[in-house]
Amino acid sequence: MINVEYYKPSDSVKWLIKQFEIIKISKNTVYTDNFIPRPDVALVFHFQNIPQIINSENISLPPIFLAPVVSKTNHLYINGELDSFIVVCKASVFSRLFKLDLTPGAKMFFDLTCTDFYKVWENLQDCHSDAEKTEYFSRFVQECAPDGYSPDNIDILYDIIIADHFNTSTANFTQNSIRSVSSLQRNFKKRVGVNMKTLMRVSRTSFIFDKMIEQNTFNYQDLLFEGNYYDQAHFIKDFKEFTGKTPKQFFHNNSDICKIISGKQKIN
């Protein structure tokens, strides 16, 4: 009933795209589960039924939207057939390339239906295979940056935090920056959607989620060590803030749907 495929991007677009995700549900079935915050943004194209976000109220998602980096879980409701093409991107690069302000606010998504991405959505619908979709979108990105892409200070800092969220310190970076610390923080939030500290915490929670899936066992001491936490209380507080559950509750109750919509598991 559910088919999920992950595809790595070609070297020509890795400066923006981290992976492609294609989710298809072929039967009228209801699924509901949490989306766990990720340290990247996802450009989502829906071609059939469109999921809803269920938190304090039900919000229907648009057919084309950007899921930003967020600091809390969202509950998704999927009813019926689904055909979704998702492009997972580096947040700082996407916002700079497409001139999008991701400054934190109440937005759980950015509606891109009335933008140039609508034409992309139309062309993707004409593609007959996953390979055609990924190839078309990769060409689109190359056309948007025909001279290539040169990372700036925000991109470099974003990559450093993602690569080493345990030991990253912004002190040395800000000392070498021509911008003031306050200006750097403001521009970082505009480009990434959260501040540096929050990105580190989101990235660490995502890392722990990966470890839970990889090990398929639950051991507090192992996860404390893997996550570089000083104590169990800090670990539980941090994890619950981003997932809505304690690590133990999450491990025993998270489903394959949660892993799929959070980009963590491939199921054929």
Side-chain angles (χ1 to χ4, degrees), residues 6-22 35-45 64-71 84-105 107-110 112 115-117 120 124 133-168 170 173-174 177 179 184-207 209-210 242 261-264:
Y6 295 165
Y7 299 100
K8 292 299 180 184
S10 63
D11 291 341
S12 62
V13 292
K14 281 185 177 178
W15 49 269
L16 170 67
I17 301 172
K18 300 177 74 172
Q19 71 180 16
F20 295 101
E21 302 171 3
I22 296 179
F35 168 85
I36 305 306
R38 296 161 57 169
D40 40 51
V41 296
L43 178 60
V44 183
F45 299 90
I64 313 161
F65 67 92
L66 184 77
V69 182
V70 294
S71 57
S84 300
F85 179 70
I86 302 167
V87 189
V88 181
C89 301
K90 295 182 179 181
S92 64
V93 179
F94 187 95
S95 60
R96 183 183 177 200
L97 179 65
F98 295 109
K99 298 178 175 58
L100 187 63
D101 186 347
L102 300 181
T103 301
K107 290 187 176 180
M108 292 177 284
F109 60 88
F110 291 82
L112 301 180
T115 68
D116 292 342
F117 284 109
V120 176
L124 284 169
K133 285 186 174 74
T134 59
E135 288 168 8
Y136 164 74
F137 194 87
S138 297
R139 288 196 305 273
F140 165 73
V141 169
Q142 290 175 294
E143 290 169 2
C144 291
D147 298 323
Y149 183 85
S150 297
D152 64 4
N153 284 349
I154 301 295
D155 296 320
I156 293 169
L157 181 54
Y158 174 83
D159 285 342
I160 289 172
I161 291 173
I162 299 299
D164 191 7
H165 40 270
F166 300 137
N167 302 308
T168 300
T170 59
F173 188 88
T174 53
S177 175
R179 300 174 184 271
L184 179 66
Q185 288 278 13
R186 183 171 60 254
N187 280 282
F188 189 90
K189 286 192 287 187
K190 181 178 180 179
R191 291 270 298 280
V192 177
V194 293
N195 62 35
M196 300 175 200
K197 184 177 180 180
T198 300
L199 181 65
M200 293 176 196
R201 295 174 67 210
V202 169
S203 186
R204 182 188 286 194
T205 301
S206 181
F207 173 83
F209 191 1
D210 289 336
F242 290 110
I261 62 180
S262 302
K264 298 294 185 181

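Index from 1, following the sequence.
The aromatic rings of Phe137 and Phe45 sit perpendicular, their planes meeting at an angle over 60°, well past the 30° parallel limit. Aromatic ring pairs are classed by plane angle as parallel below 30°, tilted from 30° to 60° and perpendicular above 60°; the pair Phe94 and Phe98 is tilted.
Expressed to the nearest 0.5 Å, how far CG of Asn187 lies from OG of Ser92 amounts to 12.0 Å. A distance of 11.5 Å separates CG in Leu184 from CG in Asn195, rounded to the nearest 0.5 Å. Atom CZ of Arg139 sits about 7.5 Å away from atom CD of Glu143, to the nearest 0.5 Å. For the atom pair CD of Gln19 and CD1 of Ile86, the computed distance is 9.5 Å after rounding to the nearest 0.5 Å. Leu199 contributes atom CG, which lies 12.5 Å from atom CZ of Arg204 (distance to the nearest 0.5 angstrom). Taken to the nearest 0.5 Å, the CG atom of Asp155 stands 10.0 Å off from the CZ atom of Phe188.
Distance alone, capped at 3.5 Å, places no donor-acceptor pair between the Asp159 side chain and the Ile156 backbone. A donor-acceptor pair under 3.5 Å is formed between the side chain of Ser138 and the backbone N or O of Thr134. A donor-acceptor pair under 3.5 Å links the side-chain atoms of Thr205 to the main chain of Arg201, judged by distance alone.
Between the side chains of Tyr158 and Arg191, no donor-acceptor pair of N or O atoms lies under 3.5 Å.
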Verdict with reasoning, Val202 to Val70, per side-chain contact (heavy atoms from CB on, under 4.5 Å):
CA-CA 8 Å; Val202 169; Val70 294; over 6 Å; no

Does the side-chain contact (heavy atoms from CB on, under 4.5 Å) test come out yes or no for Arg96 and Tyr149, once each step is laid out?
CA-CA 10 Å; Arg96 183 183 177 200; Tyr149 183 85; 3.0 Å; yes

Give the intermediate values and the outcome of side-chain contact (heavy atoms from CB on, under 4.5 Å) for residues Leu66 and Leu102.
CA-CA 10 Å; Leu66 184 77; Leu102 300 181; 3.9 Å; yes

Mind running side-chain contact (heavy atoms from CB on, under 4.5 Å) on Leu97 and Trp15 for me, showing each step along the way?
CA-CA 11 Å; Leu97 179 65; Trp15 49 269; 4.0 Å; yes

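In terms of heavy atoms, Val13 sits closest to Gln142 at CG1-CG, 3.9 Å. Here the shortest heavy-atom pairing between Lys18 and Pro9 reads O-CD, 3.4 Å. Nearest heavy-atom pair, Pro37 versus Ser206, reported as atom, atom and distance to 0.1 Å: O-CB, 4.4 Å. Taking all atoms of both residues into account, the shortest heavy-atom contact from Ile161 to Met196 is CD1-CB, 4.0 Å.
Side-chain atoms of Leu157 and Ile154, non-hydrogen and from C-beta on, never get closer than 4.5 Å to each other.
For the side-chain contact (heavy atoms from CB on, under 4.5 Å) with Val88, the qualifying choice from Asp40, Leu16, Val41, Leu43 is Asp40, the only one to do so.
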